[in-house]
Amino acid sequence: DIRTGGIFVNNGEIVGRLDSLETFYGIFNNGKISGGVDINVIGGGSNNIGINNSGIISGKGINSDKIFGDIVNSGEIIGTTSGISSERIFGKIVNSGTIRGGDYGVLVVETLSPVRYGPIDGQLINRGTIIGGIDGIRTDNSDFYYGGYQGGFTNTGTIVGMTGSGAVTHDITQGGFFTNSGSI
């Protein structure tokens, strides 16, 4: 377990899963986290950096209830179930690397709260590769409220769903858009 009120920076190698990584401002990984990351709290609102990965996160991938800030990946995020799994992402996802999961590349689904969201509040911008064993990207929830890309979706890279769909969503709202000039 690691808890910091500031910024978490990893330039080395962490072997084994981080069961609880709590940080207020953000996470920078330029090294390797070989067991994945369970993020319990990542707060700070508009001041939050979010997660910036140019290294390797493998094993569990990134798993969190809610992520404030952006997720920027130019490295590799590889998860046994999902590359990135969260109930809500309050920033945007920008991928120019690889995100891969056994079931889902990116899964944003809220099922526990009585108020159901499941969205990516910012844009999802993919310039790299996102691969899921079922769906490449899935944003939804059990009640079909909000579960989409509220800031829009842009793909110039490759998104693959091996046995399902490349991208699944129930909503693109608030002036959002869906633009594809890559491969889904």
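Sequential numbering from 1 along the given sequence is applied to the chain's residues.
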In Å, rounded to the nearest 0.5 Å, how long is the span from [atom1] of [X] to [atom2] of [Y]?
X: Ser82; Y: Leu107; atom1: OG; atom2: CG; value: 4.5 Å
X: Asn11; Y: Lys32; atom1: CG; atom2: NZ; value: 15.5 Å
X: Leu124; Y: Ile130; atom1: CG; atom2: CD1; value: 5.5 Å
X: Thr158; Y: Ile184; atom1: OG1; atom2: CD1; value: 9.5 Å
X: Ile56; Y: Ile33; atom1: CD1; atom2: CD1; value: 11.0 Å
X: Ile134; Y: Ser165; atom1: CD1; atom2: OG; value: 10.5 Å

At their closest point, which heavy atom of [X] faces which heavy atom of [Y], and how far apart are they?
X: Gly166; Y: Ile159; value: O-CG2, 3.1 Å
X: Met162; Y: Gly133; value: CB-O, 3.2 Å
X: Gly61; Y: Ile77; value: CA-CG2, 4.4 Å

Kindly say whether Gly182 contributes a backbone atom to a donor-acceptor pair with the side chain of Asn180 at under 3.5 angstrom?
yes
Under a 3.5 Å distance rule, please check whether Ser85 uses its side chain to pair with a backbone N or O of Val106 as donor and acceptor.
no
For Phe153 and Gln123: C-alpha separation, side-chain torsions, deciding distance, then whether side chain to side chain contact (heavy atoms under 4.5 Å, CB included) applies.
CA-CA 6 Å; Phe153 176 102; Gln123 293 184 38; over 6 Å; no
side-chain hydrogen bond (donor to acceptor under 3.5 Å, both in side chains) between Thr81 and Asp103: does it pass, once the steps are laid out?
CA-CA 5 Å; Thr81 304; Asp103 292 335; 4.7 Å; no
List the steps and the verdict of side chain to side chain contact (heavy atoms under 4.5 Å, CB included) for Asn29 and Ile57.
CA-CA 8 Å; Asn29 179 53; Ile57 298 174; 3.5 Å; yes
Tell me whether [Y] is reachable from [X] by hopping between hydrophobic residues (I, L, V, M, F, W, Y) whose side-chain heavy atoms are closer than 4.5 Å.
X: Ile78; Y: Ile84; result: no
X: Val168; Y: Val160; result: no
X: Phe8; Y: Ile62; result: yes

Among Asn10, Asp38, Ile27, which residue meets the side chain to side chain contact (heavy atoms under 4.5 Å, CB included) test with Leu21?
Ile27
Beyond-backbone contact of Phe90 with Ile67, side-chain heavy atoms, under 4.5 angstrom:
no
Assess whether side chain to side chain contact (heavy atoms under 4.5 Å, CB included) is satisfied between Ile51 and Val72, documenting all intermediate values.
CA-CA 6 Å; Ile51 300 170; Val72 178; over 6 Å; no
Validation: residues 91-99 side-chain donor-acceptor distances under 3.5 Å, sequence neighbours left out:
residue : atom : partner : partner atom : Å
Lys92   : NZ   : Asp70   : OD2          : 3.1
Asn95   : OD1  : Asn73   : ND2          : 2.8
Asn95   : OD1  : Gly97   : N            : 3.1
Asn95   : ND2  : Gly97   : O            : 3.4
Asn95   : ND2  : Asn126  : OD1          : 2.8
Asn95   : ND2  : Thr129  : O            : 3.4

